[in-house]
Asks: 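The structure follows.
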Amino acid sequence: MIVTVVSMPEGIAARAAVSEARERLAACRFLLVDVEVPGEERPDGLSIARELGLEAEDLAWLGREGETARAEFHGDNARFVVPVIDDGKVVHVHVFVTERYLVTVHRGPNTLVGRFVTRLPHERPADATATLFLLLEDALETFRRTAVEALLQVEDLEDEMFESRHPQQVYRLARLRRRAAMLHHALLPYLQAADETITRRMMSGSFPEERQRLAASYQRAARMVLASIESLQDAARRAFASYSSLVSGEQNGVINRLAIVSTIFLPLTFLTGFFGMNFTYMTDELESRDVFWLLAVGLQALVLVIAVYVLHRTRIWRRLRDDGRDDP
């Protein structure tokens, strides 16, 4: 377990032992403690809250694997399980904050927390609550960046489809659509819980005006991120519809060509089938070479010329010609 203690508001970060972090949590007036837990479950079964000296019985969830999204205020403290996009995957950062300190717990290295710690000397938040909202907005930013990146990929794919179409585009669109669903599925329950909790807190008379401003800013950012994800979903659906329309147009062109070929060769098939019948008249009377050439070849050539002339004079031929010109 790796523990990083950040002295606030200076933002000076340093590695520390668990015992030192526990002592500073009990003594300092403004402190941030980040705990990186190994990916596997701890064999000793000792809770992180107890190791840090946070003896509250309802903190057993802190650092526990498999926790769902959480956003709760209890008196003078708040508990969050925040979804974050890290290296293309959804991970969760556990956050416990009071008036004096903020504790974050995550499994394995987390780029969000690392960037957040490096920003603190420049941001210099006034208290633990301001630090909390800064962290929450950074978590939302990971979703926004991922959604915008995927949206640009969908638009590039849609432009590419109009140039040339191949099956790999469908697979890429399916993966982007799945990514949009993953972002929405991971973020929506958390945003609903956070919005309900923060709104209820803002309506109470004990919530200071400055914190209300921070909460309102966070809620606006959350709505914008959710709108970006929904835009990605709409774009993916539109791209699938465009691909289907293009493929349908190509299939219609193929069907038109087959219909024209059938129109030309159906009379010829009828003639060959008719004269191939063993009627007495055909076997006894139509024996000369001239009659053969006249009926077997001349009549078929006449039917072919008439069919081509009719097709040329109708819209079917012009539509076929125009479809051929429109093909890339």
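All figures in this text were calculated on a predicted structure; none of them were measured in a lab. Along the sequence shown, the residues carry numbers beginning at 1.
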Asks: Could you work out, with side-chain hydrogen bond (donor to acceptor under 3.5 Å, both in side chains) as the rule, every residue matching Glu23, not counting sequence neighbours?
Replies: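 For Glu23 there are no side-chain hydrogen bond (donor to acceptor under 3.5 Å, both in side chains) partners, ignoring immediate neighbours.
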
Asks: Quick one: does Thr118's side chain have a donor or acceptor within less than 3.5 Å of a partner on Arg115's backbone?
Replies: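 Indeed, once roles are kept as given, a pair shorter than 3.5 Å links the two residues.
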
Asks: Using residues 86-94 as the side-chain source, report each donor-acceptor pair under 3.5 Å to any protein atom, sequence neighbours left out, with the distance given to one decimal.
Replies:
| unit_1 | atom_1 | unit_2 | atom_2 | d |
| --- | --- | --- | --- | --- |
| Asp86 | OD1 | Thr111 | OG1 | 2.8 |
| His94 | ND1 | Trp61 | O | 3.3 |
| His94 | ND1 | Gly63 | N | 2.7 |

Asks: If I take atom CZ from residue Phe80 and atom CG from residue Leu102, how far apart are they, to the nearest 0.5 angstrom?
Replies: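 It comes to 10.0 Å.
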
Asks: Step by step, work out the side chain to side chain contact (heavy atoms under 4.5 Å, CB included) result for Thr131 and Met8.
Replies: CA-CA 10 Å; Thr131 308; Met8 300 296 294; 4.2 Å; yes

Asks: What heavy-atom pair brings Glu137 and Ser217 nearest, and what distance separates the two atoms?
Replies: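 Looks like OE2-OG, 3.3 Å.
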
Asks: For Ala239 and Val154, which heavy atoms make the closest approach, and how far apart are they?
Replies: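 The answer is CB-CG1, 4.0 Å.
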
Asks: Could you measure the distance from the CD atom of Glu141 to the CE atom of Met224? Nearest 0.5 Å is fine.
Replies: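 One finds 9.5 Å between CD of Glu141 and CE of Met224.
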
Asks: Using the test side-chain hydrogen bond (donor to acceptor under 3.5 Å, both in side chains), find all partners of Asp234 that sit at least two apart in sequence or belong to another chain.
Replies: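 Arg237.
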
Asks: Using modelled atom types only, decide if a donor and an acceptor are shared between the side chain of Arg15 and the backbone of Ile2 within a distance under 3.5 Å.
Replies: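 Here the side-chain-to-backbone pair does not exist.
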
Asks: So which heavy atom on Phe116 is nearest to which on Asp138, and how close?
Replies: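 Shortest heavy-atom separation between Phe116 and Asp138 comes out as CD1-OD2, 3.4 Å.
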
Asks: State whether Glu149 and Arg145 are salt-bridged, where the test is any N-O pair (Lys NZ or Arg NE/NH1/NH2 against Asp/Glu carboxylate O) under 4.0 Å.
Replies: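 Between Arg145 and Glu149 there is no salt bridge, as every charged N stays at least 4.0 Å from the carboxylate O atoms.
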
Asks: Given the rule in the salt bridge (Lys or Arg N to Asp or Glu O under 4.0 Å) test, do Arg200 and Glu196 qualify, once you have shown the distances and angles that lead to the verdict?
Replies: CA-CA 6 Å; Arg200 185 169 60 247; Glu196 179 182 354; 3.7 Å; yes

Asks: Of all residues at least two apart in sequence or in a different chain, which pass the salt bridge (Lys or Arg N to Asp or Glu O under 4.0 Å) check with Glu123?
Replies: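 For Glu123 the salt bridge (Lys or Arg N to Asp or Glu O under 4.0 Å) partners, ignoring immediate neighbours, are Arg119.
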
Asks: Between the side chains of Glu36 and Asn110, is a donor N or O closer than 3.5 angstrom to an acceptor N or O?
Replies: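 No, no side-chain donor-acceptor pair sits under 3.5 Å.
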
Asks: Is there a side chain to side chain contact (heavy atoms under 4.5 Å, CB included) between Tyr101 and Val33 once you walk through the steps?
Replies: CA-CA 8 Å; Tyr101 55 80; Val33 176; 6.0 Å; no

Asks: For Leu59 and Arg79, what are the C-alpha separation, side-chain angles and deciding distance, and is it a side chain to side chain contact (heavy atoms under 4.5 Å, CB included)?
Replies: CA-CA 9 Å; Leu59 289 181; Arg79 302 105 185 274; 4.0 Å; yes

Asks: Given the rule that I, L, V, M, F, W and Y join up when any side-chain heavy atoms are under 4.5 Å apart, are Phe73 and Leu191 in one cluster?
Replies: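 Linked within one cluster.
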
Asks: List for me each residue that meets side chain to side chain contact (heavy atoms under 4.5 Å, CB included) alongside Arg29, sequence neighbours excluded, and say none if there are none.
Replies: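 In terms of side chain to side chain contact (heavy atoms under 4.5 Å, CB included), with neighbours along the sequence ignored, Arg29 is linked to no residue.
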
Asks: Going through the distances and angles, do Thr98 and Asp76 end up as a side-chain hydrogen bond (donor to acceptor under 3.5 Å, both in side chains)?
Replies: CA-CA 6 Å; Thr98 67; Asp76 61 348; over 6 Å; no

Asks: Do Leu132 and Tyr218 have side-chain heavy atoms sitting under 4.5 Å apart?
Replies: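 Sidechains of Tyr218 and Leu132: no contact.
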
Asks: Using every non-hydrogen atom in the two residues, find where Val6 and Ala13 come nearest and quote the distance to one decimal.
Replies: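 Closest heavy-atom pair between Val6 and Ala13: CG2-CB, 3.9 Å.
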
Asks: Under a plain distance cut-off of 3.5 Å, with no hydrogens placed, do Thr129 and Glu210 share a side-chain donor-acceptor pair?
Replies: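 No donor-acceptor contact under 3.5 Å links the two side chains.
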
Asks: Measuring from Phe133:CZ to Ile198:CD1, what's the distance to the nearest 0.5 Å?
Replies: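 Answer for the CZ-CD1 pair, Phe133 versus Ile198, is 4.5 Å.
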
Asks: Please report the interatomic distance CG(Leu62) to CZ(Arg70), rounded to the nearest 0.5 Å.
Replies: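 Going from the CG atom of Leu62 to the CZ atom of Arg70 covers 9.5 Å.
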
Asks: With a 4.5 Å cut-off on side-chain heavy atoms, are Ile12 and Pro121 touching?
Replies: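 They are not in contact (no side-chain heavy atoms under 4.5 Å apart), so the answer is no.
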
Asks: Specify the closest pair of heavy atoms between Leu31 and Leu25, including all atoms of both residues, with the distance to one decimal.
Replies: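 Closest pair (atom of Leu31, atom of Leu25, distance): CD2-N, 3.9 Å.
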
Asks: So does Glu99 pair up with Arg211, basic N to acidic O under 4.0 Å?
Replies: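 Answer for the salt bridge query: yes.
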
Asks: Given 3.5 Å as the limit, does a donor-acceptor pair link the side chain of Ser228 with the main chain of Ala147, or not?
Replies: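 Flag not set: sc Ser228 to bb Ala147 has no pair under 3.5 Å.
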
Asks: Do Leu134 and Leu214 sit in the same hydrophobic cluster, where Ile, Leu, Val, Met, Phe, Trp and Tyr count as joined when their side-chain heavy atoms come under 4.5 Å apart?
Replies: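 Same cluster: Leu134 reaches Leu214 through Ile, Leu, Val, Met, Phe, Trp or Tyr contacts under 4.5 Å.
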
Asks: Pick out which of Arg107, Arg64, Glu65 makes a side-chain contact (heavy atoms from CB on, under 4.5 Å) with Val37.
Replies: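 When Arg107, Arg64, Glu65 are each tested with Val37, the side-chain contact (heavy atoms from CB on, under 4.5 Å) holds only for Arg107.
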
Asks: Give every donor-acceptor pair under 3.5 Å between a side-chain atom in residues 171-188 and any protein atom, sequence neighbours left out.
Replies:
none

Asks: From Phe30 CZ over to Glu10 CD, what is the distance, rounded to the nearest 0.5 angstrom?
Replies: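 So the CZ of Phe30 and the CD of Glu10 are separated by 9.5 Å.
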
Asks: Looking at Pro83 and Ala139, what are the two nearest heavy atoms and their distance?
Replies: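 Nearest heavy atoms, Pro83 then Ala139: O-CB, 4.1 Å.
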
Asks: So, taking the atom named CG in Leu140 and the one named CG in Leu135, what distance separates them when rounded to the nearest 0.5 Å?
Replies: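 Between Leu140 CG and Leu135 CG, I get 10.0 Å after rounding to 0.5 Å.
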
